[in-house]
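Each chain gets a letter, A, B and so on, in the order the sequences are listed, and its residues count up from 1. Computed from a predicted model, the values in this text were never measured in an experiment.
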There are 2 protein chains.
Amino acid sequence: MSSNGVSNPPMRIRTLSKGEQTRERILDLAQDAVLHKGFAGTSLDELIAAAGITKSGFFYHFRDKNELAKALLERYLAQEEELFDALFKRADELNEDPLHGFLIFLKLLADTLADLPNGHPGCMVASYCYQDHLFSQEVRALNARGIMAWRARFRARLDRIAALYPPRIDVDLDALADMLSAVADGGIILSKSLRDPRLLPQQVMLYRSFVRLAFLGN
Amino acid sequence: MSSNGVSNPPMRIRTLSKGEQTRERILDLAQDAVLHKGFAGTSLDELIAAAGITKSGFFYHFRDKNELAKALLERYLAQEEELFDALFKRADELNEDPLHGFLIFLKLLADTLADLPNGHPGCMVASYCYQDHLFSQEVRALNARGIMAWRARFRARLDRIAALYPPRIDVDLDALADMLSAVADGGIILSKSLRDPRLLPQQVMLYRSFVRLAFLGN
DNA sequence: TGGCTACTGCACCAATAGTCTGGTTTTGCG
DNA sequence: CGCAAAACCAGACTATTGGTGCAGTAGCCA
């Protein structure tokens, strides 16, 4: 796009350099493997074979395996952030009311999840949570911070909702915020285990029903 | 019961033979390790060292590592069954109404989870779900059957409830049954990742609020 | 022309992982 | 007590794993 001239980053989305491409390819392969075999069950040899590089090539991009774990998680969390940003933005454009905006967001989220061709691939945070002793303190902390970020994000919404719609039941808003993470992670487990991609969006929609009932009463 | 005579198993709870004790010890250690490091990350060497046996001793009890995985999951599912049986029994003794019986059950479940000294150790089904490519088809099927059993169990309750209390919202009872599994698995992930044992029972209680709202309206 | 990026190739290593064969002790039980 | 079965132990073996070190190089950009 716009090859107008000199040293401008074209269109804000920089095209990835060759090295970045390879790095992304490794991360893609690693993510897939880790979500199906766990981190320890994913060997470097398998990754380099699939990526079409050599061991030396791998260590050019990552100092060691733990750095791969870290990069994997960082990328995953960033992608989630982006997704939520985008969905909230779309939802807010459709409705100004905080409650209805949130309900729309949840519908958009469910739709997005339902449209994933092979179902949700799995949540890195959940995967890492069941292998925490494999990782450095840094990675574990990153994992926890990811969940806390989701809580803060949803909690902020719920605060604005509760200010306008006094809850029909006695409910801790942090817990209600956490419940979306829980239902999503649980829904992913259901979908993956039973090999039914519909279960995850279905659970999100159930959470939506709960929110609606709790604040709107119907 | 009744040690009236001869070849009765004393007290119904047979005391474990030495071999069974060792086997249980291995399974205990393995479960703990697997829930913290994943299956591939759990080495046999580490298990036999902790159990105080040799490698050969291990293979006397399990043909190979996959058999350990199977035994681990089978035992876990059986223990869950037992727990649910016990809690439903207690709940039903306290109230005959299906809805209130279920609500009591959920409270008992939350209390039980809250009383676990170090929080819930983790769900084997969730752990295995994120490492399915490590296991035989048999183990994967067992995992799926476990979730299906929970669904069937809760669904049966919800059917009886819905017959008496027409739901205030349009809700798929299978999905609502699944939601308990989802919220529990998600709650475990929250509790483990954030190192806060209260989060899991809290999520169960939120699910309880939802059920109450959906069928009772308050 | 040189320097940087992004690798390849190969040699080598200690530590495990998982298996297997064949023996030995320990235990329950009649 | 005596003996078969149960419950192990000793040790050898091989493939794999994560990782180190170093030398070399193709391509690109200034």
Between A:N66 and A:S136: side-chain donor-acceptor atoms closer than 3.5 Å: yes
Any donor-acceptor N or O pair under 3.5 Å, side chains A:E46, A:T42: no
Integer-rounded Å distance: [N] [atom2] and [X] [atom1]:
| X | N | atom1 | atom2 | answer |
| --- | --- | --- | --- | --- |
| B:D45 | D:dC9 | CG | C1' | 15 Å |
| B:I26 | D:dC8 | CD1 | C1' | 11 Å |
| B:I53 | D:dC8 | CD1 | P | 7 Å |
| A:K55 | C:dT8 | NZ | C1' | 14 Å |
| A:L47 | D:dT16 | CG | P | 16 Å |
| A:F58 | C:dC10 | CZ | P | 21 Å |
| B:I48 | C:dG18 | CD1 | C1' | 11 Å |
| B:K65 | D:dT16 | NZ | P | 16 Å |

Sugar-phosphate, base or nothing in reach of A:G52, heavy atoms under 4.0 Å: sugar-phosphate
Touch class at under 4.0 angstrom, heavy-atom based, for B:S56 against every strand present: base
Whether B:F105 and B:F88 hold their rings parallel, tilted or perpendicular, with breakpoints at 30° and 60°: parallel
Parallel, tilted or perpendicular, as decided by the 30° and 60° cut-offs, for the rings of B:Y128 and B:F135: parallel
N or O in side chain of A:Y60 less than 4.0 angstrom from C:dA6 OP1/OP2: yes
B:H61 side chain near D:dC8 phosphate (N/O to OP1/OP2, under 4.0 Å): yes
Pair of N/O donor and acceptor under 3.5 Å linking D:dA10 base with B:T54 side chain: no
Crowding at CD, B:Q137 (>12 non-hydrogen neighbours, <6.0 Å): yes
Selection from D:dC9, C:dT19, C:dT16 that lies nearest to any side-chain heavy atom of B:D64: C:dT19
